[in-house]
Amino acid sequence: MGLKAQEALEIGSFDALVDHLRAQTRVFLEVDGKEYYITHTDGYWRAQDCAVLNDKGHFTDCSELVSTLSEMSRLPWLDGKTLEDVFADATFFASIQE
């Protein structure tokens, strides 16, 4: 679990977001006043809700676990919307690892 950078990333297209995720494997996403963490951990891609912590103090999964980034980009995890569906309305932030 990373820490959210203070300054938003300048990601101009959905393809650029996918490239960022391929290289960095994680990103914070703000949309509709909520914050999510898209990450690749333990061999799976997932979306996590930053407002809900588990008993270890980690973000809670709010999507299915999928094996590939391609699956993650098409997964309807946010009220039936995919990552691509919310891209235009979202703000992205780098995940800084401790």
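Here the structure is a predicted model, which means the values were calculated and not measured.
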inquiry  = Membership question, hydrophobic clusters at under 4.5 Å side-chain separation (ILVMFWY): are Tyr37 and Val52 in the same one?
reply    = no
Hydrophobic cluster identity match, Leu17 and Phe28, side-chain contacts under 4.5 Å = no
message = Hydrophobic clusters here meaning ILVMFWY residues chained together by side-chain heavy-atom distances under 4.5 Å, can you tell me if Leu78 and Val18 are in one?
response = yes
Side chain to side chain contact (heavy atoms under 4.5 Å, CB included) evaluation trace for Thr39 with Phe59 = CA-CA 11 Å; Thr39 185; Phe59 304 139; over 6 Å; no
request  = Mark yes when over 12 heavy atoms from residues, nucleotides or ligands other than Lys4 sit less than 6.0 Å from its NZ; otherwise mark no.
outcome  = yes
ask   = About how many Å separate CZ of Phe92 and CD of Glu30, when rounded to the nearest 0.5 Å?
value = 10.5 Å
note = What one should report as the nearest heavy-atom pair of Glu64 and Leu75 is O-CD2, 3.7 Å
query = Hey, does the side chain of Tyr36 reach the backbone of Val31 with a donor-acceptor pair shorter than 3.5 angstrom?
reply = no
request  = Taking all heavy atoms of Gly2 and all of Ser95, pick out the closest pair and write down the distance.
outcome  = CA-OG, 3.4 Å
query = What pair of heavy atoms forms the shortest contact from Leu83 to Trp77, and how long is it?
reply = N-NE1, 3.9 Å
ask   = Taking everything shown except Phe14 itself, do over 12 heavy atoms lie less than 6.0 Å from its CZ?
value = yes
request  = Decide whether Leu65 and Leu69 are clustered together by the hydrophobic rule: side chain heavy atoms of Ile, Leu, Val, Met, Phe, Trp, Tyr closer than 4.5 Å, transitively.
outcome  = no
remark   = When every non-hydrogen atom of Cys62 is compared with those of Gln48, the smallest separation belongs to SG-C, 3.7 Å
task = Might you work through the side chain to side chain contact (heavy atoms under 4.5 Å, CB included) test for Trp45 and Ser67, ending with a clear yes or no?
result = CA-CA 6 Å; Trp45 286 95; Ser67 301; over 6 Å; no
task = List the steps, then state whether side chain to side chain contact (heavy atoms under 4.5 Å, CB included) holds for Lys34 with Asp49.
result = CA-CA 8 Å; Lys34 296 183 180 178; Asp49 187 334; 5.9 Å; no
ask   = Any sub-3.5 Å donor-acceptor pair from Asp19's side-chain atoms to Ala16's backbone N or O?
value = no
ask   = Counting heavy atoms not belonging to Asp32, are there more than 12 under 6.0 Å from its CG?
value = no
task = State whether the side chain of Thr25 and the backbone N or O of His40 hold a donor-acceptor pair below 3.5 Å, judged by distance alone.
result = no
request  = Check Ala47 against Ile38 and note the closest heavy-atom contact, atom names and distance.
outcome  = CB-CD1, 3.7 Å
request  = Mind listing the closest non-hydrogen atom pair of Ser73 and Thr82 along with its distance?
outcome  = O-CB, 3.5 Å
key: Euclidean distance, Arg26 CZ relative to Arg46 CZ, rounded to 0.5 Å   = 11.0 Å
